[in-house]
Amino acid sequence: MPTKIITTDDLREFKMELLEDIKKLLVNQSNGKLKKYLKSSEIMDLLQISPGTLQTLRFNGTLPYIKIGGIIFYDSEEVQKVMDINRAN
């Protein structure tokens with residue numbers, strides 16, 4: 001198996017491509033192009049909450065969800081509505 005030497009120029013080019021991809025993702029997110037349905041792990045990351053807190057929000061009816069084949073999904077628009085309704089001034 002031949003060896004390939006990676007130069008600093010290669011790394012610089014990779015960094016620029018990676019930064020460009022990240023910028024595209026951030027622009028899409030800021031334009032409201034979030035996924036329609038989010039999984040539990042994505043909601044926990046987004047809201048910075050624990051699995052127990054997420055379960056409580058489901059059980060007490062605060063956060064609507066859909067369960068398909070054992071996987072729980074949350075409508076991103078519904079999550080935003082809940083956040084807007086509970087916003088403190």
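All values derive from a computational prediction rather than experimental measurement.
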Flag if over 12 foreign heavy atoms under 6.0 Å of CD1, Ile6: no

Can Leu57 be reached from Ile72 by stepping across I, L, V, M, F, W or Y side chains whose heavy atoms are under 4.5 Å apart?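 Yes, one cluster joins them.
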
Joint cluster assignment, Ile49 & Val82, ILVMFWY side-chain distance < 4.5 Å: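 Yes; Val82 is reachable from Ile49 via cluster members.
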
Between atom [atom1] of [X] and atom [atom2] of [Y], what is the distance when rounded to the nearest 0.5 Å?
| X | Y | atom1 | atom2 | result |
| --- | --- | --- | --- | --- |
| Lys23 | Glu20 | NZ | CD | 5.5 Å |
| Glu78 | Lys36 | CD | NZ | 7.5 Å |
| Gln55 | Ser40 | CD | OG | 10.0 Å |
| Leu18 | Lys15 | CG | NZ | 10.5 Å |

**Request:** Look at Asp84 together with Arg87 and state whether they make a salt bridge at an N to O cut-off of under 4.0 Å.
**Result:**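 Result for this pair is yes, salt bridge flagged.
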
Can you name the nearest heavy-atom pair linking [X] to [Y], along with the distance?
| X | Y | value |
| --- | --- | --- |
| Met44 | Ser50 | SD-C, 3.8 Å |
| Pro64 | Tyr74 | O-CD2, 3.5 Å |
| Asp75 | Glu77 | OD1-N, 2.9 Å |

task = Look at the side chain of Asp10 and the backbone N and O of Thr7, then say whether any donor-acceptor pair between them is shorter than 3.5 Å.
result = yes

Measure from the side-chain N and O atoms of Glu17 to the backbone N and O of Phe14, and report whether any donor-acceptor pair falls under 3.5 Å. no

inquiry  = Within the 3.5 Å criterion, strictly below it, is a donor on Thr53 or Thr56 matched to an acceptor on the partner's side chain?
reply    = no

In short, side chain to side chain donor-acceptor pair (under 3.5 Å) pairs touching residues 61-70 with sequence neighbours left out are Asn60-Thr62

- Please lay out, stage by stage, how Val79 and Ile43 fare under the test side chain to side chain contact (heavy atoms under 4.5 Å, CB included). CA-CA 9 Å; Val79 173; Ile43 292 293; 3.8 Å; yes

All side-chain contact (heavy atoms from CB on, under 4.5 Å) counterparts of Ile66, not counting sequence neighbours: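 Only Tyr37, Ile68 meet the side-chain contact (heavy atoms from CB on, under 4.5 Å) criterion with Ile66.
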
Apart from Ile85 itself, members of its ILVMFWY cluster (side-chain separation under 4.5 Å) are none

